[in-house]
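I have placed the structure first, in the form of structure tokens, so that the comments after it can refer back to it.
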Amino acid sequence: MKRTTTIASIALIASSVFAGAAAAGSLEDTTVEAPVFTPAPTPVAVDGDWTGFYTGLQVGQTDVDSDSGNLDGDDTSYGFHAGYDYDFGKFVLGGELDYDKTDIDLGNGAGDVDSVARAKVKAGYDFGKTLVYATAGAARADTSVGDETGPFAGLGVTYKVTDRYTVGGEVLQHKFDDVGGTGEDLDATTISLRGSMRF
């Protein structure tokens, strides 16, 4: 009887040990790792403040016609610009100097337009990343028959790709009277695409 009790006790202890081991194995097997979520990168916001210096390049087309209809010509123009804008909140005021190189044959042996330089005043509206502006000032045309200074006016738009880089476009209308003493008055229209770096 004593032997039977001892065997039963050993069997009970062994079954308890095996049950504990099995339970431990079950807990280990069913452990689930929590998923790790990586947040998406936050997009870089583009500042809508237009205050600061800028400089850049432009390329476009310049078309010249005389009031008399005797002279006309057009050619590609390309050059550089530099200026400064001040943002008052929604109203932006600025100034700019730019220079275009071209080679426009006016026909009838009247000569060529070689370049146009401008001093600009700009006034525009701040739409955040977009600036729409009007501009006017004085332009100087360098021609093979002499230089002539006259007024110009136009419209432009600039868009901020980043805080430092912008792209845009401009349409300018110029008026030059009695170019080189020839008695010919010239109208010039320039359409250009512009890229700038801001500081």
Side-chain angles (χ1 to χ4, degrees), residues 50-67 71-87 92-107 109-127 129-182 184-199:
W50 292 89
T51 298
F53 289 97
Y54 63 90
T55 186
L57 303 173
Q58 70 259 7
V59 62
Q61 187 78 9
T62 300
D63 181 56
V64 178
D65 296 294
S66 66
D67 291 346
L71 307 177
D72 68 86
D74 62 84
D75 195 35
T76 302
S77 56
Y78 54 93
F80 60 90
H81 57 268
Y84 180 84
D85 290 325
Y86 190 86
D87 195 333
V92 178
L93 187 65
E96 181 182 299
L97 298 175
D98 80 9
Y99 176 84
D100 277 334
K101 181 67 177 172
T102 189
D103 185 17
I104 301 172
D105 182 0
L106 297 175
D112 304 324
V113 178
D114 299 318
S115 64
V116 180
R118 305 173 190 89
K120 300 177 176 177
V121 175
K122 297 167 52 184
Y125 191 81
D126 178 359
F127 288 96
K129 293 195 295 182
T130 303
L131 174 65
V132 178
Y133 61 90
T135 183
R140 186 168 185 83
D142 179 17
T143 77
S144 58
V145 294
D147 298 339
E148 191 62 45
T149 301
F152 77 90
L155 297 172
V157 61
T158 303
Y159 176 78
K160 277 191 174 183
V161 180
T162 69
D163 284 338
R164 294 200 64 188
Y165 298 101
T166 64
V167 294
E170 255 185 9
V171 179
L172 303 176
Q173 183 67 42
H174 311 71
K175 179 72 173 177
F176 301 105
D177 295 332
D178 190 18
V179 176
T182 61
E184 292 285 357
D185 299 335
L186 298 180
D187 296 321
T189 303
T190 300
I191 301 174
S192 61
L193 298 176
R194 297 154 56 92
S196 306
M197 178 183 292
R198 304 189 70 89
F199 302 96

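Along the sequence shown, the residues carry numbers beginning at 1. All values below were derived from every heavy atom in this structure, side-chain atoms included, with hydrogens, water molecules and symmetry-related copies excluded.
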Answer yes or no: are there more than 12 heavy-atom neighbours, outside Tyr86 itself, under 6.0 Å from its atom OH?
no
In Å, rounded to the nearest 0.5 Å, how long is the span from CG of Asp74 to OG1 of Thr62?
9.0 Å
Please name the pair of heavy atoms, one in Gly169 and one in Tyr133, separated by the smallest distance, quoted to 0.1 Å.
O-OH, 4.3 Å
Do you know the tightest heavy-atom contact between Gly73 and Asp63?
O-OD1, 3.4 Å
Shortest non-hydrogen contact from Thr102 to Ser115?
CG2-N, 4.2 Å
Taking C-beta and beyond as the side chain, do Arg118 and Thr135 meet within less than 4.5 Å on heavy atoms?
no
Sequence neighbours excluded, which residues qualify as salt bridge (Lys or Arg N to Asp or Glu O under 4.0 Å) partners of Asp187?
Lys175
One thing to verify: whether Lys122 and Glu170 come together as a salt bridge, which I'm taking to mean a side-chain N less than 4.0 angstrom from a carboxylate O.
no
Within this structure, what is the CG-CG distance for the pair Leu193 and Leu57, rounded to the nearest 0.5 Å?
12.5 Å
Output the distance between atom CG (Asp72) and atom OG (Ser66), rounded to the nearest 0.5 Å.
7.0 Å
Is any side-chain heavy atom of Asp103 closer than 4.5 Å to one of Asp114?
yes
Heavy-atom check, side chain of Thr190 versus side chain of Val116, under 4.5 Å:
no
Between the CZ atom in Phe80 and the CG atom in Asp98, the distance rounded to the nearest 0.5 Å is 8.5 Å
Val59 vs Thr76 side-chain heavy atoms within contact, under 4.5 Å
yes
Only one of His81, Glu96, Arg164, Arg194 clears side-chain hydrogen bond (donor to acceptor under 3.5 Å, both in side chains) with Tyr54; which?
Glu96
Over all atoms of both residues, closest heavy-atom pair of Leu71 and Gly107:
CD2-O, 3.7 Å
Quick check: closest heavy atoms across Gly124 and Leu131, and the distance to 0.1 Å?
C-CD1, 4.1 Å
Scanning both residues in full, the closest heavy-atom pair of Asp105 with Gly111 reads OD1-O, 3.8 Å
Among residues two or more places apart or on two chains, list those pairs meeting side-chain hydrogen bond (donor to acceptor under 3.5 Å, both in side chains) that have a residue in residues 143-153.
Arg140-Thr149
d(Leu172 CG, Thr189 OG1) to nearest 0.5 Å is 9.0 Å
Run through Asp85, Thr158, Asp163, Thr51 and flag the one making a side-chain hydrogen bond (donor to acceptor under 3.5 Å, both in side chains) with Arg198.
Asp85
Does any non-hydrogen side-chain atom of Leu186 lie less than 4.5 Å from one of Leu106?
yes
Quick one, Thr130 with Val157, criterion side-chain contact (heavy atoms from CB on, under 4.5 Å). Give me CA distance, side-chain angles, the key distance, then yes/no.
CA-CA 7 Å; Thr130 303; Val157 61; 3.7 Å; yes
Taken to the nearest 0.5 Å, the spacing of Asp100 CG from Asp142 CG works out to 12.5 Å
Any side-chain to backbone donor/acceptor pair from Asp87 onto Trp50? Under 3.5 Å, distance only.
yes
Taking the side chain as C-beta and beyond, is there a heavy-atom pair between Phe176 and Val113 under 4.5 Å?
no
